[in-house]
Amino acid sequence: MILRVIEVEAYMDVDDGASHSRNGATPRNQVMFGPAGHLYVYFVYGMHHCMNVVTESTGRGCAVLIRALEPMNHHSWLAQRRPKARNNDQLCNGPAKCCAALSVSLNENGLDLTGTEMWLEDRNERPLIESGPRIGIRHSKALPWRFWVAGHRGVSR
DNA sequence: AGCAAGATGGAC
DNA sequence: TCCATCTTGCTC
């Protein structure tokens with residue numbers, strides 16, 4: 001199965017009041033402080049999961065939230081896990097939808113993304129990227145650290 | 001030990 | 001616009 005990453009948000013270790021790492025390592029966010037290239041999954045609003053890719057060096061506490069994906073194949077498999085989706089654009093057009101569609105939960109927290117189960121590839125595509133404020137946060141609202149493929153239908157909201 | 005808020009999604 | 005739903009982490 002192949003999915004394009006079409007929307008993300010960056011969360012930093014310093015001067016970022018919206019980052020889960022803002023107050024240091026805790027049981028929930030400890031994966032953020034581990035080595036880059038691992039999956040940080042958290043549970044929110046009593047019902048949803050969201051996933052991040054840990055970045056920067058060990059001990060920092062930086063990650064990139066996966067907000068939307070464009071499934072390139074296996075749409076029906078994903079749709080089974082996203083029964084509310086009315087078309088392929090709605091399969092993974094939100095951070096919790098990405099986790100639901102791919103069955104990513106806390107079981108996958110800490111998953112090594114340099115392994116064989118799930119990984120990232122640079123396919124040398126360089127679409128136009130736009131950026132703006134992050135969504136759903138209370139602090140550090142001004143930081144333009146949400147990035148998305150310009151004009152893509154699968155981008156959230 | 002108690003409590004408020006949360007990196008959302010879906011229904012109304 | 002509003003609510004479901006529950007864990008986390010801060011505060012007392």
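To find a chain, count down the sequence lines: A is the first, B the second, and so on, and within it residues start at 1.
- For CZ of R153(A), the number of neighbouring non-hydrogen atoms (other residues, nucleotides, ligands) closer than 6.0 Å is 12 at most.
- The side chain of N23(A) contributes an N or O atom lying less than 4.0 Å from OP1 or OP2 of dC10(C).
- Distance R86(A) CZ to dG9(B) C1': 14 Å, rounded to the nearest Å.
- The side chain of K97(A) sits closest to dG9(B) out of dA7(B), dG9(C), dG9(B).
- Closest contact between the side chain of Y45(A) and the listed nucleotides dA11(B), dG6(B), dG9(B) involves dG6(B).
- Side-chain nitrogen and oxygen atoms of R138(A) include at least one within less than 4.0 Å of the OP1 or OP2 phosphate oxygen of dG6(B).
- Distances shorter than 4.0 Å separate some side-chain N or O of R82(A) from OP1 or OP2 on dG10(B).
- Judged by distance alone with a 3.5 Å cut-off, a donor-acceptor contact links the side chain of Y42(A) to the base of dA7(B).
- Residue F43(A) has its side chain nearest to dT7(C) when only dT7(C), dG9(C), dG10(B) are considered.
- Atoms CG (L65(A)) and C1' (dG9(B)) sit 14 Å apart, rounded to a whole Å.
- To the nearest whole angstrom, the two P atoms, one in dA11(B) and one in dT7(C), are 23 Å apart.
- Between R157(A) atom CZ and dA7(B) atom C1' there is a gap of 10 Å when expressed in whole angstrom units.
- With salt bridges taken as basic N to acidic carboxylate O contacts below 4.0 Å, one links E9(A) and R67(A).
- Rounded to whole angstrom, the span from the CZ atom of F147(A) across to the P atom of dA7(B) amounts to 18 Å.
- When heavy atoms are screened at a 4.0 angstrom cut-off, R28(A) is found touching the sugar-phosphate backbone but no base atom.
- Taking only side-chain nitrogens and oxygens, H20(A) comes nearer than 4.0 Å to OP1 or OP2 of dA7(B).
- Proximity note for T26(A) (side chain, C-beta onward) versus dA7(B), dA4(C), dT8(C): the nearest is dT8(C).
- In this structure, E9(A) places its CD atom 12 Å from C1' of dT8(B), rounding to the nearest Å.
- Rounded to an integer number of Å, the gap from R134(A) CZ to dT8(B) P is 11 Å.
- Within 6.0 Å of the CD atom in E125(A), the count of heavy atoms belonging to other residues, nucleotides or ligands exceeds 12.
- For D15(A), the CG atom counts as loosely surrounded, since its 6.0 Å shell holds 12 or fewer non-hydrogen atoms of other residues, nucleotides or ligands.
- Using a 4.0 Å heavy-atom distance criterion, A96(A) is classed as a sugar-phosphate-only contact.
- Inter-residue side-chain proximity for D16(A) and R134(A) is flagged as met; some heavy-atom pair is nearer than 4.5 Å.
- Separating the NE2 atom of H49(A) from the C1' atom of dT5(C) is a distance of 12 Å, rounded to the nearest angstrom.
- Positionally, the nearest nucleotide of DNA chain B for I137(A) lies more toward the 5' end than for the other of I137(A) and K84(A).
- Look at dT5(C): it lacks any Watson-Crick or wobble partner with both distances under 3.5 angstrom.
- Between Y40(A) and H20(A), the two ring planes are perpendicular [angle over 60°; tilted spans 30° to 60°].
- Rounded to whole Å, the P atom of dT8(C) lies 23 Å from the corresponding atom of dG10(B).
- What separates CG of N93(A) from C1' of dG9(B) is a distance of 10 Å, to the nearest Å.
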